[in-house]
Amino acid sequence: MDEKNEGFRIVITGKGGVGKTTLTSCLARYLAKGETNVLAVDEDPQMNLPYALGLPVEEAAKIIPLNRNLDYIEEKTGVRPGKSWGKMFRLGPRVEDVIGRFGVKVTERLSLLVMGTVVQAAAGCLCAENVLLDSVIRHLSLRKNEAILLDTQAGVEHFGRALVKGFSQCLVVADGTFNALSVARHSAELAREIGIPYVHLVINRVGAGGEEKLKRFDAMMQTDTGELFDRIIVLDAEARFEDLEPNVTRILDDPESGYSKGIAALAATLLEFEMKAPDVTQGRSAS
Ligand SMILES: Nc1ncnc2c1ncn2[C@@H]1O[C@H](COP(=O)(O)OP(=O)(O)OP(=O)(O)O)[C@@H](O)[C@H]1O
Ligand SMILES: [Mg+2]
């Protein structure tokens with residue numbers, strides 16, 4: 001079988017405020033400092049990722065998310081969002097040009113795509129914007145040493161869309177709280193259901209106490225959360241983020257900080273699992 005000439009696709013998910021965007025930006029920067037070309041994708045309508053990655057504020061403020069690029073959506077799907085009701089739109093539009101047209105270069109090896117997301121009714125919505133966004137993620141082709149990191153909106157809604165099919169690994173972020181760990185368990189189950197082969201738990205903002213919190217949670221719930229995940233990684237609380245934000249990636253300037261060491265360990269874990277990841281591209285090309 002052909003070795004891993006596919007790059008890797010990581011989705012970062014979890015409850016609100018647990019540190020997904022901070023983690024995505026630091027991991028993106030860390031990987032891009034090495035041999036990996038990284039595309040960081042922001043799926044959250046709050047659009048925090050450009051700032052967290054350290055893009056100059058004037059530049060970040062000018063970014064229009066893909067789901068608001070009505071001309072592009074119309075050009076690709078044949079339908080203008082909010083108009084043309086009842087008109088058929090093209091499924092699986094060709095979107096190879098998306099990075100060239102809308103990608104923002106952050107560093108030599110790091111680019112950013114701000115997609116935005118579409119608020120949907122509970123039953124889901126097959127609207128032109130979602131068709132386009134899902135196509136973009138699913139058809140971006142990757143070569144060896146390329147990675148997509150997808151920072152998602154809080155919650156689990158994205159698992160109900162085609163968006164994350166074909167991702168090779170999922171990072172579920174939780175702090176040590178009961179609610180975040182409950183959401184993490186649910187997220188892991190959904191990630192497995194849609195066929196993501198490797199799912200890891202990141203317990204953020206606690207450091208060594210993370211394992212203890214997880215044990216307490218499991219004792220209370222009579223569960224074994226560890227069984228749901230391939231690996232559990234704990235990240236230290238980092239008081240300096242308050243001063244560094246919005247560009248939290250500057251923590252990497254201190255490779256000795258607990259958080260930076262955690263990011264390095266996380267990157268090593270992802271690369272290790274990527275070496276054995278089965279080919280999940282089938283899931284991506286099917287609709
Ligand atoms: N390890 C950490 N130590 C201390 N503070 C942290 C840590 N990780 C994240 N934070 C802080 O927690 C806050 C929320 O982080 P972040 O925006 O990354 O969360 P999020 O999960 O992306 O939130 P949302 O669900 O709103 O998108 C930020 O102020 C960030 O600086
Ligand atoms: Mg976020």
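Throughout, numbering of the chain's residues begins at 1 and tracks the sequence. Whatever order the structure lists ligands and atoms in, that order sets their numbers, starting from 1. As the structure is a prediction and not an experimental result, all values here were calculated from the model.
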### Message
Are Asp42 and Met115 packed together at the side-chain level, in the sense that at least one heavy-atom pair is separated by less than 4.5 angstrom?
### Response
no
### Message
Holding to side chain to side chain donor-acceptor pair (under 3.5 Å), I want the full list of residues that pass it with Asn37, two or more places apart in sequence or in another chain.
### Response
Arg109
### All side chain to side chain donor-acceptor pair (under 3.5 Å) counterparts of Arg240, not counting sequence neighbours
Glu238, Asp254
#### Entry: Flag for Asp218-Thr223: side-chain donor and acceptor within less than 3.5 Å
yes
### Query
Regarding Thr177 and Asp175, is there a side-chain donor-to-acceptor distance under 3.5 Å anywhere?
yes
### Task
Anything protein N/O/S under 2.8 Å from the Mg ion (ligand 2)? Just list residue and atom, please.
Thr21 OG1
### Query
Is the number of heavy atoms from other residues, nucleotides or ligands under 6.0 Å of Arg68 CZ greater than 12?
no
### Task
May I ask you to decide whether Glu75 forms a salt bridge with Arg101, counting only side-chain N to carboxylate O separations under 4.0 Å?
yes
### Query
Between Asp230 and Lys276, does at least one N-O distance fall below 4.0 Å, as a salt bridge requires?
no
### Query
Is Lys215 close enough and on-axis enough to Phe217, meaning under 6.0 Å and within 45°, for cation-pi?
no
### Task
Return the protein residues near ligand 1 (heavy atom under 4.0 Å from any of its atoms), ordered by chain and residue number.
Gly16, Gly17, Val18, Gly19, Lys20, Thr21, Thr22, Asp44, Ala154, Asn204, Arg205, Asp236, Ala237, Glu238, Phe241, Tyr259
